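Since this is a predicted model, take the numbers as computed values, not measurements. All chains are named by letter (A, B, ...) in the order of the sequence lines, taking the proteins before the strands, and each is independently numbered beginning at 1.
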Amino acid sequence: MGRRSLWESMRMSGRSIAGSPVRAALTALGVMIGVASVISLVALGRGAQEEVAGGLQQLGSNLLIVYSGAPRGTALVRTNISNIRPTLTETDLETIRGFPADMVTYVAPASTANAQLKYENRNTVSTVIGTTPEYTEVRNFRPAYGEFFSQSDVDSRSSVAAIGMQVYRDLFAPGTDPVGQRMRVNGISFRIVGVMEEKGDAAQDNSVLIPITTYQRRISGDSNYAMIAIQAASPDVMRPLQATIEEHLLRLHRLPSMESADFYVANQLDLLATVEGVAGTFTLMLASIAAISLVVGGVGIMNIMLVSVTERTREIGVRMALGARRRDIISQFLTEAVLIALGGGLIGIAIGVGGSWAVTEFARIASHITPISIVAAFGFSILVGLFFGGYPAWRASRLDPIEALRYE
Amino acid sequence: MITMTDVSKEYRMGAETVHALAGVSLQIDSGDFVSIMGPSGSGKSTLMNIIGCLDTPTRGSYRLADEPVERLSPDRLAEVRNSAIGFVFQTFNLLPRLNALENVELPLVYAGISSGERRATARELLDRVGLSDRVRHRPNELSGGQRQRVAIARALATKPRVLLADEPTGALDTRTGSEIMDLLEELNHDGTTLVLVTHEPELAERARRVIRLLDGRVA
Ligand SMILES: Nc1ncnc2c1ncn2[C@@H]1O[C@H](COP(=O)(O)OP(=O)(O)OP(=O)(O)O)[C@@H](O)[C@H]1O
Ligand SMILES: [Mg+2]
């Protein structure tokens, strides 16, 4: 089909649509609703997916955590590990620290215990975490006010603490400067050096961070670590790094295989993949449901086009008598179906984009319109028009000119 | 121009076979004016449809301008209709949504002529049939005679060599019908071959030659 005849088909179809605009609008309605729901549901799915993935990134980037004990579920960050006997040794830690810089960026050991906090006459219960300054890097958890304790605090087993935002709220009146104040952790006096930023995560916001050495000496009396948090140098090295760590620690712990290991390595990649997989499946499911309505819209187009072909039988006969070839008739009706579907699709895109925006703006539900979903909706509208307009157009082109002319 | 040899057209109606045409042979020269007469059901329209390449014969040969057209593909037939034939129908068959100008342009659309050229040709033709002041009118805004004039202008759009008119005055009163006949005759004088089907003897008489059909045969 040449450019000119395509243009002529579009003009003819445009006229025909303009001749019965209400019918055309109702015909396009199905596709419109289908496209609008595909666009907005995919946007909501994507929004949810990104929100969850973003939440995971907040935990720290390229994060691997070696935990004491046998594997428990797939959680990357386990909140309640205080009751597990620490099995990770100083040698384990030094071995991991000894890995080359192109694999490991930061390493922070950590052990935790439940703690009773007291400041003046206020009490609260929280988790005390013994660790090193690298913890701030690995877990992407930084002081909002004051500072974190330093390596020299670790070396000298100082009684200093950085407190979570929740702890601050529980113990201090609003506006009070806690830095330099003394609080008691399980009865032991600590000087507060900083308040950590708020993470929206109870485990971190309700924690007290102290030097690991102080923790070992004064809280647990155990020289092992409950966990070792590691920031890998890049996402690419996370899996090899996990394998290397497992291999080294198995040898150090004199164990045959991971099945019998007294430690395990949680990998952020796995969690991310799981979460994104679930969210992706969810998005796909929403999109498929919406796509069904698109198909239903297509069937609507086919229905109306068949009626239209019957109604215009005589017109088709006249056109054929005047020299319209089969392909001219096909392109006329196909163009009409595609224009109707595309019109519905474009309005549907506008509604979908507007709807997602409104949901995010007014209901604070995350949504993300991806260009690809708009392009796909556009393309699918055309395909729906072609597919469901195809049969009516073919029927029209197969009419016998004489019978069509005689049609009342 | 038109040479038919032993042309038959049969329709199957269940077990029965209707012989709409039963061995028609005829010759119509270029520039000729021929009337076809005959009682209802004698096969006049069937013959016109075959001459006009809307239909193909069941048997026999038909040459239009020395080209055998009896076995052409539907699309080739459409091209022949477009370029060589002009139809004038009893019921006009104008497209109701298009105005006079656009109706006249229609054959030129299928001939692949550009829009500007089409417009100019269509205006010229409407002028020729005396409707230069009605170009923007839709068929339902025109009288029967005016509609038939638009239809004639449309039939002339691609400058066909043959004009086929199947009872062109059948839906018109005598005076208007006579005016339409004047117009058709004028076109024949300018060289277009004219084949006219009519039931009215005084119109048929105007032709150079009258072919009478009876039960699908030339009587
Ligand atoms: N599609 C068809 N199926 C079956 N029979 C048909 C068909 N078309 C025409 N016929 C038959 O062929 C015969 C000739 O029909 P045709 O229309 O050519 O007659 P006509 O001479 O034009 O009549 P009129 O003067 O009434 O227009 C008729 O008997 C008609 O019933
Ligand atoms: Mg007839």
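The shortest distance between side-chain heavy atoms of B:Val109 and A:Arg11 does not fall below 4.5 Å. A 4.5 Å side-chain heavy-atom check between A:Arg325 and B:Arg76 finds every atom pair outside the cut-off.
With B:Asn93 contributing its side chain and A:Val318 its backbone, the two residues share no donor-acceptor pair below 3.5 Å. Remark: side-chain polar atoms of B:Asp75 are paired, donor with acceptor, to backbone N or O of A:Arg326 under 3.5 angstrom. No side-chain donor-acceptor contact under 3.5 Å links B:Arg97 to the backbone of A:Ser16.
For a residue to count as touching a neighbouring chain, one of its non-hydrogen atoms must lie under 4.5 Å from one of that chain's; by this rule A:Arg314 touches chain B with the side chain only. Only the side chain of A:Gln332 comes within less than 4.5 Å of a heavy atom of chain B; its backbone N, CA, C and O stay farther away.
Counting non-hydrogen atoms of neighbouring residues, nucleotides and ligands closer than 6.0 angstrom, the CG atom of B:Asp66 reaches no more than 12 such neighbours. Around atom CD of B:Glu16, no more than 12 heavy atoms belonging to other residues, nucleotides or ligands sit under 6.0 Å away. Counting non-hydrogen atoms of neighbouring residues, nucleotides and ligands closer than 6.0 angstrom, the CZ atom of A:Phe380 reaches no more than 12 such neighbours.
To the nearest 0.5 angstrom, A:Met12 atom CE is 8.5 Å from B:Leu98 atom CG. Of the inter-residue distances, the one linking A:Ile402 atom CD1 with B:Asp55 atom CG reads 3.0 Å to the nearest 0.5 angstrom. Taking CG of B:Asn49 as the reference point, atom CZ of A:Arg406 lies at 7.0 Å (rounded to 0.5 Å). The line from CG of B:Leu54 to CG of A:Asp400 is 8.5 Å long, rounded to the nearest 0.5 Å. Atom CD of A:Glu8 is separated from atom CG of B:Leu108 by 10.5 Å, given to the nearest 0.5 angstrom. Note that the CG atom of A:Leu405 and the CZ atom of B:Phe89 stand 5.0 Å from one another [nearest 0.5 Å].
In plain terms, the two heavy atoms of B:Arg81 and A:Met320 that are nearest each other are NE-O, 2.8 Å. The two atoms that bring B:Ala78 and A:Ala324 nearest to each other are CB-O, 3.6 Å, heavy atoms only.
Of all the listed residues (A:Arg312, A:Arg319, A:Glu315), the one sharing the greatest number of non-hydrogen pairs under 4.5 Å with chain B is A:Arg319.
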